Structures are given as C-alpha cells and as structure tokens.
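One-based numbering, in listed order, for ligands and for the atoms of each. Keep in mind that this is a model prediction, so the values were computed, not measured.
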Amino acid sequence: MNVLIITAHPEADSFNSYLAAKAARVFEKQGSVVNSVNLYSENFEPVEGKIFYPDRQDSVRFDALREQRHHWEKKILPDDVSRHIQLLINSDLLLLHFPFWWFGMPAILKGWMDRVFVYGGIYDSRQRHENGVMKGKRALLSVTAGAPENACGYNGRHGDMRLMLWSPIHALHYIGYSMLEPYLIHGVRGGLDGIAKKEQQKLLDEKVEDFENRLTNIHEWPIIPFNREDDFNEDKTLKPEAPEYSPFVRHDPDGWKKS
Ligand SMILES: Cc1cc2nc3c(=O)[nH]c(=O)nc-3n(C[C@H](O)[C@H](O)[C@H](O)COP(=O)(O)O)c2cc1C
C-alpha cells in the first residue's frame, strides 16, 4: 500500500508531528511505502491567487476555476501543486494530521485544498462524490484539540467537534475518497506543569498506543456513509426515500431545532 501523510503543524516537536511519525512507522513496518509531507516545513503557500497562473485565459478578470482548469490542461500548474497532485494520485491512503484551530483546520491546510484540488483535473461536474477522481482511495483525519472530550461532544460547551469536521470530510469525499471515521484526541494542552503535565502525558501515551493499534488494522476502520448521486432528485434535493446520514443533508429542515 502507498500511504501519504500530510501534517499541518508549525512545530516539528509537537504532538501532531509525533503522531504523524508514529503513523508512518506503523505503515512502514507493514511494508507500505510512506510519503510524509509537512506543509510548514516546505513553506507551502496556501493563498490561492493570480500569481500562480502565468498563462491566463482571461487576463482581465481572474476566475480561479477557469485558470485552474486551463493550467491543468496545459500541464503548467505550479510545481508544488503538480507534485502534491501526483502524491495524491500515487497513494492508496491519505492521512491528514492537524490541530483543531478555531473550530476547524489550520489555514495552511484549507489553502492546500484550495490550490491542490484543481478544478478540471481533480474534480468537475462529472467526476465527484462516488465518481470522483480519488475513487477507491481512503482518507483519514487525525485531529487534536486543546479542549477536553466533554467540551467537544454533542452536548459540550464548545460544540460538536465531530460535526465541525464535516467540511474537510465532505471536501475529501467530494473528490472521491472513502472517508474513515476521524480520529480525535482531546485535551492536548501546552503550558502544563507538575501533576497536570504527567496526567496528560499518561492519557496521550494511551491514545498513541490506541491509534497505532487501530492503524495496524486499518481495514477494520469504520467508513463514513454518504448519500450517493441517485439519492438526489434532478433539482439536487434529497429524495424522500433516501437515507439521511448527517444533519447537513437532511429531510426535515427544522429537525435539528427539536428539543
Ligand atoms: C490558533 C489556535 C486556535 C485554537 N483553536 C482551538 C479550538 O478551536 N478548539 C480547541 O479545542 N483547541 C484549540 N486550540 C488548541 C489546539 O488544538 C492544541 O494546542 C493542539 O491541538 C495541541 O496539539 P500540538 O501539541 O500538536 O500543538 C487552538 C490553538 C491555536 C494555536
């Protein structure tokens, strides 16, 4: 198996980077080929814009989708984007390691998606969801949060972290990935001293061990169900008889308001 591990953390000595290295070792031990990329280490430029498109189809008005497709077709995308696309295409499993920052992905990772998931190449209106370019590949988010588990749960003070990850999960599924249930590690806090630090270390050690065990048996990892194209009407709304898998695509618009 070919595994691609993308880490979005600015510190090599962080828990996120440690976890990514552990994951790499698990797969290497099993004989997989692992490519590890830290977006910060390679100074990945996450801000999509005109600067990346030297041969514009429209030199007056910048249309990112149009220029992405044009530069893909002419094979003149920036080197970093071409290299990352190749890494994605060559891998069977993608792991994204990142800390939860302001209830979502760090900007560098969002920008990586903006630039690397190129319209006309990685997706278009005919190639998406279960017909996506990445069909047959799996992806897993491994996310750490500073807040404790209770605070990130369905009734927690900070809101349901699992639901907040819908955006990257949906984006990856949109380009064809089968999405594994994300691995969340809570209570990863800096600045601790004494007993608090020791207690955190113990919990994190247990989590790392659990993560390694689960990666070793990745074929057993639960896959997130999504609606298929034929669950939707011509007008793109969910058919009444179609299953409902998430509060983001639902039958009852007010269902989430019921108490
Ligand atoms: C800019 C920033 C935003 C953060 N936002 C959140 C947040 O929304 N929820 C949360 O639980 N923790 C938040 N944290 C804490 C990080 O999630 C936590 O420090 C990180 O997961 C710890 O992993 P590390 O040791 O690998 O950095 C934030 C930290 C930073 C620096």
Side chains of T237 and D235: is there a donor and an acceptor less than 3.5 Å apart? yes
Geometry only, no angles: is W101 polar-contacting ligand 1 at N/O separations under 3.5 Å? no
Give a yes-or-no answer on whether the side chains of R128 and Y123 include a donor-acceptor pair shorter than 3.5 Å. no
Distance to 0.1 Å, residue and atom name: give those for the protein heavy atom nearest to atom 8 (O) of ligand 1. F103 N, 2.9 Å
Candidates E67, H71, R115 - the one meeting side chain to side chain contact (heavy atoms under 4.5 Å, CB included) with L77: H71
Charged N to carboxylate O below 4.0 Å: is that the case for D205 and K202? no
For atom 5 (N) of ligand 1, grab the closest protein heavy atom and report residue, atom and distance to one decimal in Å. W102 N, 2.8 Å
Of the listed options (G187, G146, G159), which comes nearest to atom 12 (N) of ligand 1 when hydrogens are ignored and any heavy atom counts? G146
Does any part of the side chain of Y183, heavy atoms only, come nearer than 4.5 Å to the side chain of D210, both counted from C-beta? yes
Within 4.0 Å of some non-hydrogen atom of N16, the atoms of ligand 1 are 23 (O), 24 (P), 26 (O)
Got the closest protein heavy atom to atom 20 (C) of ligand 1, with its distance? T144 OG1, 3.6 Å
In terms of atom number and element, which parts of ligand 1 are under 4.0 angstrom from non-hydrogen atoms of A145? 11 (O), 17 (O), 21 (O)
Over all heavy atoms of both residues, which pair between N16 and H97 is shortest? Give the atoms and the distance, please. OD1-C, 3.7 Å
Numbering as shown, the atoms of ligand 1 that approach A147 to under 4.0 Å (heavy-atom distance): 10 (C), 11 (O)
Which protein heavy atom lies closest to atom 14 (N) of ligand 1, and at what distance to 0.1 Å? F100 O, 3.4 Å
Which segment of H186 sits under 4.0 Å of ligand 1 when only heavy atoms are counted: neither
In ligand 1, the atoms that come under 4.0 Å of a heavy atom of V188 are 18 (C), 19 (O), 20 (C), 22 (C), 23 (O), 25 (O)
Say you draw a straight line from CZ of F100 to NE2 of H186; how long is it, rounded to the nearest 0.5 Å? 8.5 Å
Taking the side chain as C-beta and beyond, is there a heavy-atom pair between T7 and F98 under 4.5 Å? no
Ligand 1 atoms nearer than 4.0 angstrom to some heavy atom of H9 are 24 (P), 26 (O), 27 (O)
